[in-house]
Amino acid sequence: MQKIILNVKEELFATLERDFNTFVRLSTKLDAQFYTPSFEKFLLAKLSDNVTPLTEQAVQHLMQSSQYAWAKRALDKDFPEVVSLLMTQAAEHGFHVAHRQDWNTEDLTTAAKTWATSLVKQAKGDETQIDVLAVQIRSSAVSIVEIEEKLRTPAWRLGNALAQNLHDVIIAMDHATGIKAREKFGELRAVLRLSVIHGAIGKKREQEILDDLRSKKPYLFEDQPQTGFARFMLWLRNAMAV
C-alpha cells in the first residue's frame, strides 16, 4: 500500500478535524454503539469523496458485537442450545411444547428429526446442526398428558374422573353375579369406550380388562338366547346364582 504525506495549513487542518468531530458526534448520537473510524480513514474518505468504506466498517463492527453478534453466534453454532433453552424456559412462563400422547420413542425421534430439518433448511443454516437440534427437541418436548395433568385442564379432570369410575366399576364387577353382573358389564363397556375416547386409557389396556373379565366370567360374553324358554332358563340360572 502506498503512503501519502500531506502538508496543510493550520486552518484547513482545523476545518477537517472539526468535520471529523461533527461526523463522530452525529453518528454516535444516532447510534451509541457506532464504530468510530480513525481520523486518517475519515480524511481518506473525504479526499476520495467516498464514505462507503466508513459505512462498511461500521456495519462489520455492528455484526461482530452486541445483539447482532449474539444472533449470529446462535445461528452459526449455538442454535440447538438456544432452541433447547427456549423450550425449557417456556414452561416457567406458561408455555409448553407438547407431543402426541400416542407416540412411542421412535415416533418422537422421527418427528423431532423432521422438525429440526425443516427449521435448519428454512433458516438456511448449517445442516450439521440438524441431529443436535433434533436431540434437543426430543429431550425438551413432553407428552400432552403430562401438561394437562400439570395444568389441571378440564380434559385432564374428565379423564381422571373416568379413570376413577372405571376402577370402581371393575371392583364392582369382581363381586357381582347373575343379573347384577350383566348390568355392571354394560356399565363397564360404556365407561371403557368413554375412557378410550378421552385418553384415560389406551386400546391395549381396554383389551386387557376385557380379556381378564372373560377369563373370570365367560358367560357375560355369550350371545343372549333368542327363544322365550332359553331366556327363562337364563333368568332362572342368574336368579339362583345371586
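Bear in mind that the values here come from a model prediction, so they are computed numbers and not experimental data.
- Note that CD of Q136 and CG of L133 are 7.5 Å apart. Values are rounded to the nearest 0.5 Å.
- Under a hydrophobic clustering in which Ile, Leu, Val, Met, Phe, Trp and Tyr are joined whenever their side-chain heavy atoms come within less than 4.5 Å, directly or via other members, V142 and L151 fall into the same cluster.
- Connection of I209 to L194 is not established within any shared hydrophobic cluster, with ILVMFWY side chains joined at heavy-atom distances below 4.5 Å, either directly or through further cluster members.
- E183 pairs by the salt bridge (Lys or Arg N to Asp or Glu O under 4.0 Å) definition with nothing, not counting sequence neighbours.
- Residues meeting the side chain to side chain contact (heavy atoms under 4.5 Å, CB included) test with I130, sequence neighbours left out: K113, A116, T117, V120, E127.
- We find the CG-NE2 distance between L158 and H198 to be 5.0 Å, quoted to the nearest 0.5 Å.
- Tracing side-chain contacts under 4.5 Å through hydrophobic residues (I, L, V, M, F, W, Y), one reaches I201 starting from L188; they form part of the same cluster.
- Both F221 and V191 belong to a single network of hydrophobic side chains, linked directly or stepwise wherever heavy atoms of I, L, V, M, F, W or Y lie under 4.5 Å apart.
- Here the closest non-hydrogen pair linking A98 and S143 is CB-C, 4.5 Å.
- The distance from atom CZ of R138 to atom CG of L108, rounded to the nearest 0.5 Å, is 7.0 Å.
- Taking 4.5 Å as the limit, every side-chain heavy atom of K150 sits out of range of all side-chain heavy atoms of E146.
- Rounded to the nearest 0.5 Å, atoms CD (E10) and OG1 (T15) are 11.0 Å apart.
- The minimum heavy-atom distance linking F185 with L220 is given by the pair CE2-O, 3.5 Å.
- A donor-acceptor pair under 3.5 Å is formed between the side chain of K217 and the backbone N or O of A176.
- In this structure, the side chain of R157 engages the main chain of R152 through a donor-acceptor pair within 3.5 Å.
- The heavy-atom pair separating M173 from K184 by the smallest distance is SD-CB, 3.2 Å.
- Put simply, CD on E187 and CG on L192 are 10.5 Å apart, with the number rounded to the nearest 0.5 Å.
- When the side chains of ILVMFWY residues are joined at heavy-atom separations under 4.5 Å, either directly or via intervening members, V97 and I137 end up in a single hydrophobic cluster.
- Shortest non-hydrogen contact noted between R182 and Y219 is NH2-O, 3.1 Å.
- The line from CD1 of I144 to CD of E149 is 12.0 Å long, rounded to the nearest 0.5 Å.
- Using a distance-only test at 3.5 Å, with no hydrogens or angles considered, no donor-acceptor pair links the side chain of S118 to the main chain of T114.
- Side-chain N/O atoms of N21 and E17 include no donor and acceptor closer than 3.5 Å.
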Kindly list each side-chain donor-acceptor pair under 3.5 angstrom involving residues 161-172, sequence neighbours excluded, with atom names and distances?
residue: Q164; atom: NE2; partner: D168; partner atom: OD1; Å: 3.1

